[in-house]
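When reading the values below, keep in mind they use all heavy atoms of this one structure, side chains included, and skip hydrogens, waters and symmetry mates. Atoms within a ligand are numbered from 1 in the order they appear, just like the ligands themselves.
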Amino acid sequence: MRIAVFSPEIYTYGAMTIGGIIKDAGYDVSITRDPSVVHGDYVFISLYSTQHLMEEQIFSLVKRLKSEGSRVIIGGPTCADPQMVHGELNPDLVVTGEGEPAVLKILQGDDWEKIPNCAFIRDKQLITTSKERLADISRPLPLIPDDISTQDIRGAQTYIETHRGCFGRCGFCQVPLSFGRKIRSRPLEEIFQEVRAFKEKGVRRIALIGGTGSLYLAKDEVLNEGAFIDLLKGLAEILGPKNVSCPDIRADCITDKILDAVRTYSVGWIFFGIESGSPHVLDLMQKNIYPETVERAFDQCREHGVRAAGSFITGYPGETLEDHEMTKDLIERICPDDVFISSAEPIPSTPLADLVVKTMENENPAFITHKGEFEPLHLTEAEARAFDLMLHADSCRMIPRLTTDDLYHTYLNEVKKQGDDIRRATRLLQKYHAR
Ligand code: SF4
């Protein structure tokens, strides 16, 4: 029996993990990013973006594979909304949660109804099976492709997972819904063994997955700073400190020792999920991390020689111009070394997705035509605010960045692309979920 794992554009960590479990069980399995070479009795497709559901290339791939007699199984973050995945791509089976408890049972030919975390169509009805989260997330080595060293994701060849879950409740985020609010961590030695295996395949730099880097081995919302420091130290010993990136940490999950470890054993940068400078919007998002905490975190980073950056979300339904100005004020106060700015994206199954479906388009900043300063650029309100924040953040850096023509157009194209993607995702959600 031949088994293939397909991961569009990049080898996702999830796809490599599933491939590793299949390989470890003794099956003949391959992994690829190229849809034209995908063949197999069973084909596992890993989709991480809602946009994949609307891509002709993926639709044609599923159709071809089914016509060749393959069993097509789709998993990944998009599958939190299995109705949409079945409706758009028509695979045989969708894995709706953690794939590990399901994958080998699927290959052994178990009755799908008895396999956890699955969704399939029977007699035109969507059948969803029981939900299961692994208590222990230890696992075999991932299936690492030979060309992994050619991959570049924000400077790293791959992300790795050290733990799952987050005790936050951010309404735009899938992590607590998919992985729960309790932290489950992998054994340290297993992580190191995996990183050594990546290194042997040519990986030079790795990044830790997710927004919760320092929660490794945390229990009941209490940090385990010693465990996190041992993790970074061990990774630095394998790859060298300049090749370990722990980009995302909650602003309320740092300590002096953690910051010293980030400076010593990693590239020395942290991205905080700040999202907004307005308590009103932060409440809408259920972020529960307010500007005072963010300002303290930035000061603390600078005291410890760590570069501090932030991500922001514009155009959340309910965000007013006054809220937007508060975000600009916060940026001015903290002077981030870098920013990542995006319009609010309704990821399936999140509270934001529900909110977006319920919000009339003429009240949703992603659809409202912008009438202010950037009117000649034909942007929506969400796009205009994202564009404005990008330009503003550049002028607030410690060393301000000059806005060249090239940069101006790069930002403009980026916000327009984000806006198009978000409207497409919103319309897809509206198609499957009535107001
Ligand atoms: S803190 Fe980060 S990972 Fe946790 S729920 Fe919020 S956005 Fe998600």
Side-chain angles (χ1 to χ4, degrees), residues 12-14 48-50 76-78 80 97-98 133 137 154 159-186 207-224 228 231 245-255 258 262 269-298 301 308-317 319 327 330 336 339-356 422:
T12 62
Y13 184 78
Y48 53 87
S49 161
T50 314
T78 315
E98 294 182 347
R133 276 193 197 124
I137 59 166
R154 283 163 78 188
Y159 276 71
I160 62 155
E161 182 185 59
T162 58
H163 59 277
R164 282 185 189 168
C166 175
F167 54 73
R169 296 180 188 276
C170 304
F172 51 84
C173 176
Q174 249 186 353
V175 169
L177 299 153
S178 304
F179 293 140
R181 300 187 61 239
K182 199 173 148 207
I183 308 299
R184 292 165 292 154
S185 303
R186 300 174 63 201
L208 306 190
I209 243 170
T212 64
S214 61
L215 293 185
Y216 179 62
L217 278 173
K219 270 207 177 72
D220 303 327
E221 306 192 11
V222 179
L223 296 180
N224 185 339
F228 178 64
L231 171 71
S245 163
C246 171
D248 305 310
I249 293 185
R250 288 172 56 107
D252 58 357
C253 290
I254 53 172
T255 64
I258 283 176
V262 167
W269 276 81
I270 297 182
F271 261 83
F272 295 112
I274 300 169
E275 329 309 356
S276 173
S278 157
H280 162 241
V281 175
L282 293 165
D283 285 342
L284 289 175
M285 294 173 171
Q286 300 181 73
K287 180 78 197 177
N288 213 20
I289 300 176
Y290 293 98
E292 310 78 69
T293 308
V294 169
E295 287 178 70
R296 248 195 331 272
F298 269 70
C301 281
S311 50
F312 295 86
I313 294 176
T314 64
Y316 211 82
E319 183 194 65
T327 304
L330 176 62
V339 291
F340 180 73
I341 289 160
S342 59
S343 301
E345 182 187 354
I347 297 174
S349 86
T350 59
L352 174 59
D354 287 346
L355 179 64
V356 159
I422 286 165

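- Remark: side-chain polar atoms of His163 are paired, donor with acceptor, to backbone N or O of Thr212 under 3.5 angstrom.
- Within the 3.5 Å criterion, the main-chain N or O of Cys253 finds a donor-acceptor partner in the side chain of Ser214.
- Under a 3.5 Å cut-off, the side chain of Gln174 and the backbone N or O of Ile347 do not form any donor-acceptor pair.
- Judged by distance alone, the side chains of Asp283 and Tyr290 do bring a donor and an acceptor atom under 3.5 Å apart.
- Distance from atom 8 (Fe) of ligand 1 to its nearest protein heavy atom, with residue and atom name: Cys173 SG, 2.4 Å.
- Residue contacts with ligand 1, taken as heavy atom pairs separated by less than 4.0 Å, do not involve Asp248 at all.
- In this structure, atom 1 (S) of ligand 1 lies nearest to the protein heavy atom Arg250 NH1, 3.2 Å.
- Atoms of ligand 1 found under 4.0 Å from any heavy atom of Pro176, numbered from 1 in the order shown, are 5 (S).
- Atom 8 (Fe) of ligand 1 has no N, O or S atom of Cys170 under 2.8 Å away, backbone or side chain.
- Contact annotation for Phe167 and ligand 1: no heavy atom of the residue comes within less than 4.0 Å of the ligand.
- Counting heavy atoms only, Cys166 comes closest to atom 4 (Fe) of ligand 1 of the residues Cys166, Gly273, Cys253, Gly168.
- Every atom of ligand 1 is numbered from 1 in the order shown, and the set under 4.0 Å from a heavy atom of Thr212 is 3 (S).
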